[in-house]
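Notes to accompany the following structure.
Numbers here simply count residues along the sequence, with the first being 1.
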Amino acid sequence: MKSEKLVLYQIFTRLYGNKNTTRKENGSIEENGCGKMNDFTPSALKKIREMGVSHIWYTGIIRHATQTDYTVYGIPRNHAAIVKGKAGSPYAITDYYDVDPDLAVDVDKRMSEFEALIERTHKAGMKVIIDFVPNHVARQYHSICKPEGVKDLGEEDNPQNGFDPQNNFYYCPGQRFTPYFDLYHGEVEPYIEEPAKATGNDCFNNAPGMNDWYETVKLNYGLDYYAGRVGHFNPIPNTWSKMTDILLFWAKKGVDGFRCDMAEMVPADFWRWATDKLKFIYPDIIFIGEVYNPAEYRNYLGAGFDYLYDKVGMYDTLREVMRGNLSTHAITGAWQATDDIRNHMLYFLENHDEQRIASSFFAGDARKGIPALAVSALLQQNPLMIYAGQEYGEKGMDKEGFSGNDGRTTIFDYWSVDTLVRAFKRKLNADEKRLKEIYDKIINIARSEKAVTEGVSFDLMYANGDTTQQYAFLRKAGSDTLLVVANFSEQPTTMDVTLPAHAFDYLKLHERKSVTAVDLLTGKEIKRQMRRECYVSVDVEALGAVVLKFKA
């Protein structure tokens, strides 16, 4: 069976199709516009597929807290004091069984529009990933779309108990919610919550601060934080059943997988229980976990996750290499730290939480991401994630509203993304077009070359110790062999890549006086000798990469 490399394209759904360029700071949906699910036409999806994408992560599908008033459609209004930004955070869910009305052309048919989006995505040859936010919900969570017979989260809680294994929330009995901010926030009446519920980022008091996730409340999976995280998992906590039913609800809709927000803040025991139930019915469904603690990686993989973010390892390392703060030899240490679970680590250079490569806060130049992309895409068989706009060099330097100018693309405000708008209108400049072409080539190499999808990897850096701004490795499957050299320097270079004897033995390479290799990025042919302990001279342009393919 042919292996396939998973390439995940993250799309912040309400931003992607929005072509309104008003971009008023703190603007309303009427002023700044909003992308819709229907913007993902068959032709738009075809273009995404042609990039080499296998899975689209539609971020922000499930209904979340917002300052936009949808009461005319029977949707409860959210108090502005506990909503971050005019649009609101997609990680403050107000109804796990509903679709965000911002994304619908016809609000009353929002679920049907999402089901049609799933169908169109599948017809385009891609699979659908959505967010599952298991650790917390919006403070005013209330489901109006839950199936008949389903009890709402918190509906049967005893709020007089700070902790109860069968409660869905944690409480601060006898204490009113008194955060750092004004509870009116322009409303006639203040927001009142008594007793206060614990806040989503494990803030177990009634007064969350500015940097807390004050718009959310923590879900209770049977861990008694008040007694030092003692687990009460027998009988099964009520929250386990309710959250698993939510996963089953979306899987039945045809969703192919879940990106699980802050997965490590939820006990692995729950994930083991829930993923077992999901995969029994839907054996091909995948779970991607946002886990930042390397000590927990293997625990959560054992609990049913297919892939985990490689954030504190590969992402942080490549970020510092791109910024000139680390030698390329650090990349070797990054992959070695997870070598035993390498196929389960999701590599990425951008996502909604991180700063854009081209921003002044990161590298200041999108081209600096090219060598890092070559490494991320081609080094291993594991998945790769691209964030919409990254392929055009989006800078993320807007001051949108709640999200200030921080080098990130907002998740809280109504906005449009400059490069995406110009890409839709075919008004990209020459540098942006070239960057997109390089992204397309590298991603499609990662998806189509047997040496990448099925082959083994050999890191050449131990034999090239003097190199600090270039990174070289081999990939091989059968006779197909790739020599990849990534140049993180802003100067063109010629790297004399030493090929150690161990590489010939490990990869079963044959020594030859002359081998013809083709650079898959440019189509250029070169002829080089292939001998043990000799070098291959490779010319690489500034902030570029070479992918030489030859038969070994």
Side-chain angles (χ1 to χ4, degrees), residues 7-24 27 29 31-60 102-103 105 113 116-117 120-121 123-126 349-352 356-359 364-370 373 377 384-398 400 408-410 413-448 521-523 541 543-544:
V7 176
L8 179 63
Y9 190 57
Q10 182 191 2
I11 291 171
F12 196 73
T13 315
R14 71 165 170 248
L15 297 183
Y16 188 79
N18 186 18
K19 302 175 185 65
N20 182 322
T21 56
T22 303
R23 299 186 185 126
K24 177 184 176 183
I29 190 171
E31 292 168 321
N32 285 353
C34 185
K36 306 295 180 183
M37 293 178 284
N38 285 0
D39 291 327
F40 295 93
T41 61
S43 61
L45 290 167
K46 182 174 182 287
K47 289 178 182 177
I48 294 172
R49 175 63 176 167
E50 287 171 351
M51 283 177 61
V53 171
S54 62
H55 293 64
I56 298 182
W57 165 18
Y58 292 108
T59 305
D102 281 347
L103 306 178
V105 173
E113 288 187 22
L117 175 60
R120 287 198 303 278
T121 306
K123 282 185 176 179
M126 294 174 289
L349 300 175
E350 289 187 1
N351 64 40
H352 70 276
R356 295 286 192 172
I357 295 167
S359 77
D365 185 344
R367 294 178 305 155
K368 292 184 178 181
I370 294 171
L373 176 68
L384 172 72
M385 179 166 70
I386 304 295
Y387 187 30
Q390 176 184 340
E391 69 273 30
Y392 302 118
E394 173 59 37
K395 295 181 183 297
M397 292 296 291
D398 298 324
E400 301 102 335
R408 298 175 178 86
T409 295
T410 183
D413 307 284
Y414 294 112
W415 205 253
S416 63
V417 181
D418 175 56
T419 51
L420 293 178
V421 172
R422 288 190 290 106
F424 284 126
K425 296 180 178 180
R426 300 188 178 185
K427 293 184 178 181
L428 294 171
N429 62 41
D431 289 340
E432 291 162 342
K433 289 177 181 176
R434 180 176 180 275
L435 185 70
K436 176 64 162 58
E437 288 173 3
I438 294 170
Y439 265 76
D440 287 356
K441 286 179 180 179
I442 291 176
I443 294 169
N444 277 291
I445 289 168
R447 290 269 292 157
S448 63
L521 292 177
T522 63
E541 65 182 39
L543 301 175

For this session: Could you tell me whether the side chain of Val105 reaches within less than 4.5 Å of the side chain of Glu113, counting heavy atoms only?
Result: yes

Exercise. Closest approach of Lys395 and Arg356, non-hydrogen atoms and distance?
Worked result: O-CB, 3.5 Å

Problem set entry | Euclidean distance, Lys427 NZ relative to Thr419 OG1, rounded to 0.5 Å | 15.0 Å

Exercise. Under 4.5 Å between any side-chain heavy atoms of Leu45 and Ile56, yes or no?
Worked result: yes

Exercise. Hey, are the side chains of Leu543 and Ile370 touching, using non-hydrogen atoms and a 4.5 Å cut-off?
Worked result: no

Problem set entry | N-O pairing of Glu50 and Lys46 below 4.0 Å | yes

For this session: Please answer whether the main-chain N or O of Val53 pairs with a side-chain N or O of Arg49 as donor and acceptor at a distance below 3.5 Å.
Result: yes

For this session: Answer yes or no: is there a donor N or O on one side and an acceptor on the other, between the side chain of Arg23 and the main chain of Ser416, under 3.5 Å?
Result: yes

For this session: Considering non-hydrogen atoms only, spot the tightest contact between Ala366 and Gly393 and give its length.
Result: CB-CA, 3.4 Å

Exercise. Are the side chain of Arg447 and the backbone N or O of Gly52 linked by a donor-acceptor pair below 3.5 Å?
Worked result: yes

Exercise. Is there side-chain contact between Gln390 and Tyr9, with heavy atoms separated by less than 4.5 Å?
Worked result: no

Exercise. Quick one: does Thr409's side chain get under 4.5 Å of Leu15's, heavy atoms only?
Worked result: yes

Problem set entry | Distance, nearest 0.5 Å, that separates CZ of Arg434 from CG of Asp431 | 8.0 Å

Exercise. CG of Leu384 to CD1 of Ile443: how many Å apart, nearest 0.5 Å?
Worked result: 6.0 Å

Exercise. Any donor and acceptor pair, going by atom type alone, linking the side chain of Thr13 with main-chain N or O of Thr59 inside 3.5 Å?
Worked result: yes

Exercise. For Trp57, does its backbone N or O pair with a side-chain atom of Gln10 as donor and acceptor, under 3.5 Å?
Worked result: no

Problem set entry | Glu437 side-chain N/O to Leu435 backbone N/O, donor-acceptor pair under 3.5 Å | no

For this session: Please say whether more than 12 non-hydrogen atoms of neighbouring residues, nucleotides or ligands are located less than 6.0 Å from CZ in Arg367.
Result: no

Problem set entry | Side-chain heavy-atom pair Ile11, Ile48 within 4.5 angstrom cut-off | yes

For this session: May I have all residue pairs that pass ring-ring contact (aromatic ring centres under 6.0 Å, His included) and include part of residues 31-52, sequence neighbours excluded?
Result: Tyr16-Phe40, Phe40-Tyr58

For this session: Dump the intermediate steps for side chain to side chain contact (heavy atoms under 4.5 Å, CB included) on Ile386 and Leu373, then the final yes or no.
Result: CA-CA 9 Å; Ile386 304 295; Leu373 176 68; 3.9 Å; yes

For this session: Might you confirm whether atom NZ of Lys19 has over 12 heavy atoms from other residues, nucleotides or ligands at distances under 6.0 Å?
Result: yes

For this session: Looking only at non-hydrogen atoms, find the nearest pair between Arg408 and His352 and report the distance.
Result: CD-O, 4.4 Å

For this session: Answer yes or no: is there a donor N or O on one side and an acceptor on the other, between the side chain of Asn444 and the main chain of Lys441, under 3.5 Å?
Result: no

Exercise. Taking side chain as C-beta onward, heavy atoms only, is Arg120 less than 4.5 Å from Pro42?
Worked result: yes

Exercise. Which heavy atom in Ile442 sits nearest to a heavy atom in Ala377, and how many Å separate them?
Worked result: CG2-CB, 3.7 Å

Problem set entry | Tyr414 side chain to Asp102 side chain, donor-acceptor N/O pair below 3.5 angstrom | yes

Exercise. Quick one: do the Glu400 and Thr410 side chains pair a donor with an acceptor below 3.5 Å?
Worked result: no

Problem set entry | Point-to-point distance, once rounded to the nearest 0.5 Å, from CE of Met385 to NE2 of His55 | 13.5 Å

Problem set entry | Test item: Phe12 and Tyr387 side chains (from C-beta on) under 4.5 Å apart, heavy atoms | yes

Exercise. For the side-chain hydrogen bond (donor to acceptor under 3.5 Å, both in side chains) test, which of Asp398, Thr22, Asn32 pairs with Trp415?
Worked result: Asp398

Exercise. Between the main-chain N or O of Glu31 and the side-chain N or O of Asn20, is there a donor-acceptor pair closer than 3.5 Å?
Worked result: yes

Exercise. Which pairs with one or both residues in residues 415-426 pass salt bridge (charged side-chain N to carboxylate O under 4.0 Å, His left out), sequence neighbours excluded?
Worked result: Asp418-Arg422, Arg422-Glu432

Seminar exercise, completed: What one should report as the nearest heavy-atom pair of Glu394 and Val417 is OE1-CG1, 3.3 Å

Exercise. Can you tell me if NZ on Lys436 sees more than 12 non-hydrogen neighbours from other groups inside 6.0 Å?
Worked result: yes

